[in-house]
Protein chains: 2
Amino acid sequence: MFQLDLKSGVPISDQIVNGFIKLKALGIIKGGEQMPSVRSLALKFSVNPNTVQKAYAILESGGIIYSVKGRGSFVSEDERAHLAVIEKAKTDFYGAVKTAQGLGLSSDTLSEIINEIYKEEKKC
Amino acid sequence: MFQLDLKSGVPISDQIVNGFIKLKALGIIKGGEQMPSVRSLALKFSVNPNTVQKAYAILESGGIIYSVKGRGSFVSEDERAHLAVIEKAKTDFYGAVKTAQGLGLSSDTLSEIINEIYKEEKKC
DNA sequence: CTAAGTGTACTATGCGACTTAGTACACTTG
DNA sequence: CAAGTGTACTAAGTCGCATAGTACACTTAG
């Protein structure tokens, strides 16, 4: 699972959303798999059930999961939702590059940073 | 100058801070140059003077500008502040790459995005 | 059928960040 | 002296987030 950082200033509901998006993007959770119940996850994170419910509502509106009354919430099997996540990740990164460019960083500097990070990946 | 986006959710004071940081990073404003007065900038942006004052206080704490009672605020001539801005930009970009990596984007994908953006720069 | 567990909806409350408003003071400059 | 500057302070309002509590409809295991 993932961790919550209550001191980060990032809304808890957003952290839960991003946490599951990552888990799905990395294939740790897969389509059709059952999500933790709203109440159990709230208990696990020591957080209000309403907060988890809000996160689940966001995930459902994004097509990442779907919910069934009385049964539970499940990871969506629709591939389009997964593609949308990838697209959003690209868009976010696009914005980050634009910002870096606006601050005068060269493309070489950015490439160096990327290589540094992905080099570590290969070590694993 | 730069624009404010009141609908973005980003605090106005932060937008002002980032705006001047960019102006200095790009060399549009230079060390020793006088900043707009708190009141005049507030008028120009149709914003409360306190909000501009807050932004200036942040800029001063970061060494980007310095203020003199009764005279005004001026762009710092200390090069260390400029270097710190560059370092922060790198750190922010580092985080963006980490996030993209966490979502499964390959280094090639990121490089493509960078090339796309910096290609446009050369056109100008 | 019953009980437990599920998603969902609603209101009320507290808290903190941000912004605005207004006032005041010390300083510099023309 | 007057105007403009930075600075400091209190008060109020708005907004988003999180919590608390309750309630209802549904499904499933027993």
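All values below come from the heavy atoms of this structure, side chains included, with hydrogens, waters and symmetry mates left out.
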Nucleic acid contacts - residues 56-74 of chain A versus DNA chain D, non-hydrogen atoms under 4.0 Å: A/Lys69, A/Gly70, A/Arg71
side-chain contact (heavy atoms from CB on, under 4.5 Å) partners for A/Ala96, two or more places apart: B/Ala96
Pairs meeting criterion salt bridge (Lys or Arg N to Asp or Glu O under 4.0 Å) with involvement of residues 16-33 of chain B, two or more places apart: none
Contacts of type side-chain contact (heavy atoms from CB on, under 4.5 Å), residue B/Asn50, not counting sequence neighbours: B/Asn48
Please set out all donor-acceptor pairs under 3.5 angstrom arising from side-chain atoms of residues 85-95 of chain A, sequence neighbours excluded.
from    : atom 1 : to      : atom 2 : distance (Å)
A/Lys88 : NZ     : A/Asp92 : OD2    : 2.8
A/Thr91 : OG1    : A/Glu87 : O      : 3.0

Interface limits on DNA chain D, where chain B has a heavy atom under 4.0 Å of a nucleotide atom: D/dG4 to D/dC9
Sugar-phosphate or base contact per nucleotide [nucleotides 14-22 of chain C; S, B, -; heavy atom under 4.0 Å]: ----SSBBB
Pairing residues for B/Ser111 by the side-chain contact (heavy atoms from CB on, under 4.5 Å) criterion, not counting sequence neighbours: none
Any pair counted as side-chain hydrogen bond (donor to acceptor under 3.5 Å, both in side chains), so long as it reaches residues 5-15 of chain A, sequence neighbours left out: A/Ser8-A/Gln15
Centroid-centroid distance, B/Tyr66 to B/Tyr56, less than 6.0 Å: no
Pairs where residues 55-78 of chain A contributes a residue and the test salt bridge (Lys or Arg N to Asp or Glu O under 4.0 Å) is met, not counting sequence neighbours: A/Asp78-A/Arg80
Residue list, side-chain contact (heavy atoms from CB on, under 4.5 Å) with B/Asn115, at least two apart or on another chain: none
side-chain hydrogen bond (donor to acceptor under 3.5 Å, both in side chains) partners for A/Ser46, two or more places apart: none
